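Report on the following structure.
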Amino acid sequence: MRFGIVILPGSNCDHDALHVAETIIGADVVTLWHKETDLKGSDCVIIPGGFAYGDYLRAGALAKFAPIMEPIRRHAAGGGLVLGICNGFQVLTEVGLLAGALMRNEHLRFICRDVHVRIEQDDTPFTSALSLNTVLRLPIAHGEGNYVADDSTLDRLESEGQVVFRYCDAEGRVTRESNPNGSSRNIAGICNAGRNVLGLMPHPERCAEALLGNDDGLGIFQAIARSFAPA
Amino acid sequence: MKATVIVELKPSVLDPQGKAIQHALHSLAFTSVEDVRVGKLFRISLTDSNLSREDLEEQLRQMCQRLLANTVVENFSYTIE
């Protein structure tokens with residue numbers, strides 16, 4: 001299978017994602033510069049973390065108009081996989097591929113530390129290698145990670161099983177204290193109705209090998225690779 | 001021709017930045033402050049064109065909906081002079 005790593009001006013986690021996909025997973029990888037207009041045969045497109053276009057106006061607002069977004073929209077509409085990490089999640093909400101919005105953290109501070117998230121859905125191509133209710137320890141690094149949507153959208157996401165990751169404590173309890181940024185209902189990551197587009201604020205690509213002291217993020221990449229493995 | 005666009009959070013969306021400013025104003029003894037909401041203001045200069053008022057307003061609406069505001073969490077308003 002082939003991963004396509006999008007590089008927007010201001011992306012800064014593109015090489016981390018590339019490293020995991022290529023070296024750890026052993027997949028084919030292409031990079032996709034923001035001005036390009038095709039995905040070069042990518043099966044799974046990753047929009048990495050960073051500060052695309054300086055996060056001017058709003059995080060993700062200007063990235064929406066990058067030429068590479070048009071083929072990504074078509075890829076997603078055809079059922080192709082798209083993973084947005086951190087700034088990539090913000091971009092996917094701005095583009096309209098995922099519901100809701102990511103606002104300034106409740107306490108207004110940039111947070112850079114490990115958090116725990118619980119796997120709420122194991123029937124997406126991104127989490128099928130993980131068991132339901134597994135707790136992962138993943139790093140976050142964001143100033144705008146406060147997930148917001150109106151109540152009817154939140155209810156729909158819950159009832160359709162589109163809340164994929166929720167902030168929790170080390171034991172998997174979803175508590176107010178374990179919510180780092182004020183996100184509605186402790187939401188850390190969601191998918192679309194088709195379950196082929198996923199966005200999350202934590203960074204699985206920064207913790208996908210034991211050498212770095214934590215490989216809790218690896219399962220997400222393994223799940224993606226497995227969903228393309230011959231049966 | 002000049003347009004002024006104001007983008008602000010919907011009343012239902014919490015504004016932690018506004019709250020922090022409210023508390024700062026209180027600590028400066030401006031105790032009458034009840035609430036603060038932070039928004040954005042855009043001053044847009046437009047070349048004079050033959051566009052009708054209606055078309056111009058439609059253009060501004062499009063600018064707001066497509067870029068200036070995220071209508072999931074923000075409302076917009078504009079004036080033209």
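Please read all numbers here as calculations on a predicted model, not as lab measurements.
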What do you reckon, is CD1 of B:I80 surrounded by more than 12 foreign heavy atoms closer than 6.0 Å?
yes
Hey, is CZ on B:R66 packed in by over 12 heavy atoms from elsewhere, all under 6.0 Å?
no
Could you tell me the separation between the CG atom of B:D15 and the CE atom of A:M103, rounded to the nearest 0.5 Å?
7.0 Å
Evaluate whether atom NE2 of A:H15 has more than 12 neighbouring non-hydrogen atoms of other residues, nucleotides or ligands under 6.0 angstrom away.
no
For chain A, the option from B:V73, B:V7, B:N70 that forms the most heavy-atom pairs under 4.5 Å
B:N70
Proximity breakdown for B:K40 and chain A, heavy-atom pairs closer than 4.5 Å
side chain
Are the side chains of A:D150 and B:K10 in touch, meaning some heavy atoms are under 4.5 Å apart?
no
Distance (rounded to the nearest 0.5 Å) between B:K19 NZ and A:E106 CD:
11.5 Å
Heavy atoms from other residues, nucleotides or ligands near CD of B:E54 exceed 12 (cutoff 6.0 Å):
no
Rounded to the nearest 0.5 Å, what separation is found between the CG atom of B:L67 and the CD atom of A:E94?
8.5 Å
Give a yes or no on whether A:F110 atom CZ has more than 12 heavy-atom contacts from other residues, nucleotides or ligands under 6.0 Å away.
yes
Exactly one of A:N105, A:N181, A:L108 should register a side chain to side chain contact (heavy atoms under 4.5 Å, CB included) with B:P16. Which one does?
A:L108
